[in-house]
Amino acid sequence: MKPFRKHVAIAIDGGGIRGAICASALREMEKELGRPAPSIFRLNVGTSTGSIISAALAAGLTARKICDLYIQLGNEVFSPSWRSTLWPMTGYRYPQEPLEAALREYLRDVKMGALWARRPERRTDLVITAFDLVRNRTIFIKPYKEKYADWSVIQAVLASCTVPTYFPVVEGRYVDGGVGAYANPCYVAAYETRLLDWEPRETTLISLGTGRDPHDVEPGEPERYKAWDWIWPVLGAFLSSAADQQVRLVSDFFPEIDFRRFQVDLETVIPMDDPAAMPRLIEYGRQLWDKMRRDETDPEMEVIAKGPARPKGD
């Protein structure tokens, strides 16, 4: 792997329990480099499940501990019940309490502002995205913003993790940051480096995806879609296009940053609430680390960033 530059940031996508892929990859990175992940990343940005990992890194948890957290989340948070079966009548599949309890066990009651109040050499920036339904806009929860300084890190993570229909709305207004345009928050991270006055030539930005679903639509099949058949293809297209857009924005507006986007292709679709998939997710994480170690960036990144050929002299 190419050496990191002076400043290193990480941005982690949403994806529910599939965040275990990123946690597993970071655990392998720790083993290889012989350094705890929190000592590497001074800027941590995340959406939804990515906010769990980013917040844990900012709080000083090793990637090994974060993997343990995901195993606990799978066993306790996504446990099937009558609610998960009858959710169309109850409004959501899983109660918030098990998720909050697991986060509290690992993150304690750290305040957002406390991350910024540390000595400059130990100061960690954390950006968590959430969507405010009352204001109808994405919010960016940061430790140096006065209005968020008294928020607990757990409160910020819960706001970002509340996938609609999966968990109850937080404080009557906040839901998953991926509801907006930032399921992939790499552009948010790149822009934050500017606010931190990081020199682009001295900055590395690592962007981790939580697995790309396989393409299983045959040519001609969409012609036979009924009205309800369009729900998942349209939703998938929206999320995929928004994620690709963030990569394009970083490539276009921050060309001097050492930007590395890594992603793995899933053999089958893995739902965001399937704890039985944990062994496969851990293995996908090892595959993701292997790509990171070889600097094998996401091929989609090259397609997006590459413009049309121009005649010489233009």
(Q) Any salt bridge linking Arg201 with Glu256? Criterion: basic side-chain nitrogen under 4.0 Å from a carboxylate oxygen. (A) yes
(Q) Taking the side chain as everything from C-beta on, heavy atoms only, tell me whether Asp125 gets closer than 4.5 Å to Val45. (A) no
Q: Name all residues meeting the ring-ring contact (aromatic ring centres under 6.0 Å, His included) criterion together with Tyr144; count only those two or more places apart in sequence or in a different chain, and write none if there are none.
A: Trp116
**Q.** Non-neighbouring partners of Arg83 that pass side-chain contact (heavy atoms from CB on, under 4.5 Å), sequence neighbours left out
**A.** Ser81, Thr90, Tyr92, Pro95
Q: Can you label the angle between the Trp151 ring and the Tyr174 ring as parallel, tilted or perpendicular, going by 30° and 60°?
A: perpendicular
If you look only at distance, which donor and acceptor atoms sit under 3.5 Å apart when one is on a side chain in residues 17-29 and the other is two or more places apart or in another chain?
{"from": "Arg18", "atom 1": "NE", "to": "Thr210", "atom 2": "O", "distance (Å)": "3.1"}
{"from": "Arg18", "atom 1": "NH1", "to": "Asp213", "atom 2": "OD1", "distance (Å)": "3.0"}
{"from": "Arg18", "atom 1": "NH1", "to": "Ile270", "atom 2": "O", "distance (Å)": "3.0"}
{"from": "Arg18", "atom 1": "NH2", "to": "Gly211", "atom 2": "O", "distance (Å)": "2.6"}
{"from": "Ser24", "atom 1": "OG", "to": "Ile282", "atom 2": "O", "distance (Å)": "2.8"}
{"from": "Glu28", "atom 1": "OE2", "to": "Lys31", "atom 2": "NZ", "distance (Å)": "3.4"}

Q) Taking only residues two or more places apart in sequence, or in another chain, which ones meet Tyr284 in a side-chain hydrogen bond (donor to acceptor under 3.5 Å, both in side chains)? A) none
Q: Find out whether Phe262 and Thr297 are in side-chain contact, i.e. whether some heavy atom of one side chain is under 4.5 Å from a heavy atom of the other.
A: yes
Q. In terms of ring plane angle, is the pair Phe253 and Tyr187 parallel, tilted or perpendicular, where the classes change at 30° and 60°?
A. perpendicular
Q) With a 4.5 Å heavy-atom cut-off, do Ser207 and Val247 have their side chains touching? A) no
Q) What ring pair (Phe, Tyr, Trp, His ring centres under 6.0 Å) pairs are there with at least one residue in residues 1-50, not counting sequence neighbours? A) His7-Trp198
Q) Which ILVMFWY residues can you reach from Trp87 by hopping between side chains whose heavy atoms are under 4.5 Å apart? A) none
Q | Test item: Thr162 and Phe131 side chains (from C-beta on) under 4.5 Å apart, heavy atoms | A | no
(Q) Is there a side-chain contact between Glu171 and Leu158 in this structure, where contact means two heavy atoms from C-beta onward sitting under 4.5 Å apart? (A) no
Q) What residues join Trp82 in its hydrophobic cluster, counting side-chain heavy atom gaps under 4.5 Å, either direct or through other members? A) Leu86, Met89
Q: Report yes or no: do Ser54 and Asn44 form a side-chain donor-acceptor pair below 3.5 Å?
A: no
Q.
Could you tell me if the side chain of Ser152 sits less than 4.5 Å from the side chain of Val110, heavy atoms only?
A. no
Q: Using a cut-off of 6.0 Å, state whether more than 12 heavy atoms not belonging to Tyr191 lie near its atom OH.
A: no
Q) Is there any salt bridge (charged side-chain N to carboxylate O under 4.0 Å, His left out) pair reaching into residues 128-155, and which pairs are they, with sequence neighbours excluded? A) Asp132-Arg173, Lys142-Glu192
Q. Any side-chain heavy atom of Tyr148 within less than 4.5 Å of one from Ile139?
A. yes
Q | Check ion pair Asp244-Arg248 (N to O, under 4.0 angstrom) | A | no
(Q) With a 3.5 Å distance limit and no angle check, can you tell me whether Ser39 reaches the backbone of Arg35 through a side-chain donor-acceptor pair? (A) no
Q.
Under 4.0 Å between a side-chain nitrogen and a carboxylate oxygen: does that hold for Arg293 and Asp290?
A. yes
Q: Could you walk me through whether Ser160 and Ser48 pass side-chain hydrogen bond (donor to acceptor under 3.5 Å, both in side chains), step by step?
A: CA-CA 5 Å; Ser160 185; Ser48 193; 5.5 Å; no
Q. Are any side-chain N or O atoms of Gln246 and backbone N or O atoms of Ala181, one a donor and one an acceptor, separated by less than 3.5 Å?
A. yes
(Q) With heavy-atom distances below 4.5 Å as the criterion, would you say the side chains of Asp13 and Leu208 are in contact? (A) no
Q) Of all residues at least two apart in sequence or in a different chain, which pass the side-chain contact (heavy atoms from CB on, under 4.5 Å) check with Ala190? A) Leu205, Val250, Phe254, Ile257
Q: Could you list the residues that satisfy side-chain hydrogen bond (donor to acceptor under 3.5 Å, both in side chains) with Asp109, not counting sequence neighbours?
A: Arg104
Q. Excluding sequence neighbours, so at least two apart, what forms salt bridge (charged side-chain N to carboxylate O under 4.0 Å, His left out) with Arg212?
A. Asp265, Asp298
(Q) Could you work out, with salt bridge (charged side-chain N to carboxylate O under 4.0 Å, His left out) as the rule, every residue matching Lys291, not counting sequence neighbours? (A) Glu296
